[in-house]
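Every value quoted in this text rests on a predicted model; they were computed, and no experiment measured them.
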Number of protein chains: 2
Amino acid sequence: MRNGTGEILTRLRDGGPLSRAELARQTGISSAGVTKITAQLHGEGLVIEREGQGRPVGRPPVALSLAAGSRQVLAIHLGAGRAQVALSDLALGMGPVRALDFDLEDPVDEIIAATSSLAADVLADADPARGRVLGVGLGVPGSVDATGRVNTHSILAGWRNVAFADAFEAALGLPTVLEHNATAIAMAEARYGAGRDAASILHLFLGKGVGAGFAQTGPEERCAPVEIGHVVVRPGGPVCRCGGQGCLERYFSEDALRTITGAADGPGADLIGAAMHSPAWPEIYELFLQAVSTAVALLGPERVVLGGHLGSAPAAFLAELRRDLPPRVMPQQRERLAIELPSLPEPVGVNGAACIALERFFYTAGPVSAPLSMRRTVGA
Amino acid sequence: MRNGTGEILTRLRDGGPLSRAELARQTGISSAGVTKITAQLHGEGLVIEREGQGRPVGRPPVALSLAAGSRQVLAIHLGAGRAQVALSDLALGMGPVRALDFDLEDPVDEIIAATSSLAADVLADADPARGRVLGVGLGVPGSVDATGRVNTHSILAGWRNVAFADAFEAALGLPTVLEHNATAIAMAEARYGAGRDAASILHLFLGKGVGAGFAQTGPEERCAPVEIGHVVVRPGGPVCRCGGQGCLERYFSEDALRTITGAADGPGADLIGAAMHSPAWPEIYELFLQAVSTAVALLGPERVVLGGHLGSAPAAFLAELRRDLPPRVMPQQRERLAIELPSLPEPVGVNGAACIALERFFYTAGPVSAPLSMRRTVGA
DNA sequence: TTATTTCATACACTAAGTAAATTAAGTTTC
DNA sequence: GAAACTTAATTTACTTAGTGTATGAAATAA
């Protein structure tokens with residue numbers, strides 16, 4: 001999926017400034033090939049040359065680094081009742097975030113219209129000096145088809161088979177790619193945030209529901225949505241929004257936790273902290289722990305990252321989890337398992353969407369519009 | 001990872017006889033490209049031309065099919081105390097299986113020596129008329145590194161970082177690839193067996209332990225080991241071989257089930273059937289169900305395939321699982337979830353190993369020895 | 001017979017690389 | 001201070017794996 005150009009761009013992103021010789025060694029591409037590819041990248045202004053410091057002997061290398069400000073992508077996060085839009089540079093440096101609120105009950109067409117109108121405004125205000133906008137990344141609250149064009153199902157919003165990519169491409173005139181928002185955030189943390197030096201992470205996100213995403217970086221990359229909110233922790237328990245019974249989300253989510261704290265007011269600043277004082281907490285925490293430890297056992301991430309309300313919980317919660325989770329996974333996993341807070345800046349949703357767009361429209365093959373012939377449309 | 005040649009070989013395997021025109025349509029490769037590629041394949045005897053039946057008008061197509069008997073791979077399954085070796089053709093048609101028993105306590109070098117000696121015998125007896133042997137696939141009882149060369153950890157055998165690929169390549173003179181044996185079997189069932197027409201399967205295998213593998217076919221292929229045996233179902237429970245406490249394997253495995261049936265004799269023919277009559281069964285079954293439903297919720301397979309003792313269990317067990325599992329997963333998963341028996345012939349381990357070898361040495365790029373330059377050795 | 005349709009191939013070309021030789025720019029050795 | 005050495009980068013000619021277009025091949029339909 002990733003060609004020589006993409007390979008080199010990715011290494012420059014992850015490995016700081018690198019000489020051509022070093023790139024050739026790391027990627028296995030011939031030095032001649034690296035010269036050719038970097039010449040093109042330099043010509044397009046994507047790469048900056050600086051004086052590099054080499055070994056004691058031999059010709060000193062020229063250090064290449066990514067010109068992060070030379071291209072942009074548009075990031076759109078569709079969360080529970082709120083859309084956020086921002087431009088990002090090539091290193092996930094985000095511009096100002098503009099947001100709008102909507103009602104999840106509204107027809108999805110209206111939500112699309114309002115969001116794409118806001119997105120068009122952001123595009124219109126884009127600084128041309130920061131480079132061409134390569135495409136749009138869209139995080140949606142639900143599962144996405146294999147091609148990243150259709151939101152197949154959203155439990156939260158009740159949508160089915162919404163062709164977001166078509167709609168946004170028509171409205172904005174830019175290629176668009178979709179991803180499950182929780183998965184996108186996991187990918188962003190894995191590549192640019194708390195998972196930078198880990199091979200794989202499980203990102204847990206407590207918001208309106210409990211979402212999770214698994215992301216693996218390195219030679220074999222992949223990401224997958226993890227429907228941890230709909231793991232059945234109490235068979236035959238209360239009916240969930242998803243139609244199942246006894247899902248974790250019925251016990252561990254914004255609404256559920258707010259119920260046990262008794263505080264029915266707005267988005268409590270410290271949801272977990274308040275819940276921890278409730279007499280119901282130990283039981284609820286046990287259910288959460290059970291679901292998370294199973295997810296860790298099955299997926300085997302090197303790191304667990306706590307997002308949303310979990311990340312803003314009091315230190316006591318993190319300590320508790322660091323104490324209770326490791327004994328519940330296999331020793332060989334336990335050895336390397338780290339439980340961390342996210343390191344990307346809020347709002348994290350647009351970071352996820354930007355990460356997906358960058359991956360698709362930049363780091364796989366470079367910004368060169370691929371010859372049509374190369375875009376195989378795999379038929380039935 | 002898969003080039004045009006591999007793409008075409010894969011389609012011919014999965015989609016029966018196909019004309020060049022049909023291949024071009026399905027793969028998106030130009031008709032000229034298909035002609036070029038198939039000409040080479042035909043020249044190497046990998047593809048057979050037959051009269052095809054086309055549409056009412058136009059030149060009738062020539063149907064191409066894979067010459068399954070034109071190449072072979074060597075499959076080696078390393079299970080709990082038993083190694084099995086066989087040759088396979090390109091469609092997973094297995095030759096006679098030869099086996100040897102060993103003690104898991106033996107030094108791993110001795111096990112390797114004995115197994116590779118048996119493998120060398122099988123290779124020496126190989127019928128040259130059935131084609132060149134392209135490589136070796138080795139299923140090992142534990143996790144494998146990303147390059148498929150080292151068994152990083154085996155809970156069952158207690159091995160760590162055993163370089164099986166180096167050892168077998170040296171002994172047999174053939175390129176060798178490793179995979180976790182449970183994952184390999186899952187892959188084989190997904191491609192050639194009970195998962196042929198499903199996008200993804202979760203393959204459960206009850207033997208000495210409980211293993212599982214997840215395999216996804218189609219445009220985005222992947223497979224992953226699923227350590228379901230070491231999901232903690234009773235926190236703080238009895239210590240497991242893995243070092244954890246309260247793992248599923250302590251309740252649901254050959255040894256554990258034999259204990260509750262009281263029958264301490266050899267490998268009971270009907271382990272599950274006997275266990276179902278024990279008063280302890282409902283509780284044990286509940287733990288199993290809990291682990292499996294969570295795995296299904298998190299991984300989202302279209303099909304669950306029951307291997308090992310689960311596959312040879314009485315029909316009542318299958319009926320029970322088909323009744324109890326669906327209510328524990330989300331409705332959108334439930335709709336399409338099927339619970340099936342394996343369809344590959346016993347012994348299934350060598351099928352898994354053969355599948356891995358075929359994938360690596362045949363279906364990704366064809367049997368053409370790739371120019372060295374193309375094999376990028378990705379450095380640190 | 002001639003047109004139409006579909007399948008397959010021939011030919012000239014291109015993208016993305018490779019290998020080997022060469023040039024470049026520094027340090028070390030005598 | 002010149003020659004030897006080392007590492008970095010580029011040039012040149014070539015290869016692989018395809019593409020697009022034009023053409024040939026084999027059937028049915030008018």
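Applying the side chain to side chain contact (heavy atoms under 4.5 Å, CB included) criterion to B:Pro61, with sequence neighbours excluded, gives B:Ser19. When the side chain to side chain contact (heavy atoms under 4.5 Å, CB included) test is applied to B:Ala120, the partners found at least two apart in sequence or on another chain are B:Leu172. Take B:Glu221 and apply the side-chain hydrogen bond (donor to acceptor under 3.5 Å, both in side chains) test, not counting sequence neighbours, and it matches B:Arg2, B:Arg191. Under the rule for a salt bridge (Lys or Arg N to Asp or Glu O under 4.0 Å), the partners of A:Arg149 that lie at least two apart in sequence or sit in another chain are A:Asp166, A:Glu169. The side chain to side chain contact (heavy atoms under 4.5 Å, CB included) check on B:Ala32 picks up B:Ser30, with sequence neighbours excluded. For the side chain to side chain contact (heavy atoms under 4.5 Å, CB included) test, residues two or more places apart in sequence or in another chain that qualify with B:Asn161 are B:Val150, B:Thr152. In this view, A:Arg13 and A:Glu359 satisfy the salt bridge (Lys or Arg N to Asp or Glu O under 4.0 Å) rule, not counting sequence neighbours.
For the pair A:Leu41 CG and C:dA16 C1', the interatomic distance rounds to 13 Å; values are reported in whole Å. The CD atom of A:Glu7 sits 17 Å away from the C1' atom of C:dT18 (whole-angstrom rounding). Note: CD (B:Gln53) to C1' (D:dA26) measures 16 Å, nearest angstrom. For B:Glu22 and C:dC7, the CD to P distance is 8 Å, given to the nearest whole Å. In this structure, the CD atom of B:Glu51 is 8 Å from the P atom of D:dA27, given to the nearest Å. We find that CD of B:Glu49 is positioned 14 Å from C1' of D:dA25, with the value rounded to whole Å. In this entry the distance linking CG of B:Asn3 with P of C:dG17 reads 15 Å, nearest Å. As a whole-Å value, the separation of A:His42 NE2 from D:dA8 P is 19 Å.
Nearest to the side chain of B:Thr35, among D:dA9, D:dT19, C:dA8, sits C:dA8. Distances from the side chain of B:Ala21 to the nucleotides D:dA9, C:dA10, C:dA8 place C:dA8 closest. Closest contact between the side chain of A:Pro61 and the listed nucleotides C:dA19, D:dA8, D:dG20 involves D:dA8. With D:dA9, C:dT18, C:dA12 as the candidates, the nucleotide lying closest to the side chain of A:Arg20 is D:dA9.
Counting any heavy atom pair closer than 4.0 Å across all strands shown, B:Val62 reaches sugar-phosphate atoms only and no base atom.
For D:dA8, one of the phosphate oxygens OP1 or OP2 lies less than 4.0 angstrom from a side-chain nitrogen or oxygen of A:Arg25.
Between the side chain of B:Gln72 and the backbone N or O of B:Arg132 there is no donor-acceptor pair closer than 3.5 Å. Listed for the B:Arg360 side chain is no donor-acceptor partner under 3.5 Å among the backbone atoms of B:Gly148.
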Taking protein heavy atoms under 4.0 Å as touching, what does nucleotides 24-30 of chain C look like 5' to 3' if B marks base contact, S marks sugar-phosphate-only contact and - marks none?
-> BBBSS--
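One end of the helix from C:dT1-D:dA30 to C:dC30-D:dG1 points its axis 20° away from the other end's axis, with each axis taken from 5 pairs and the angle rounded to 10°.
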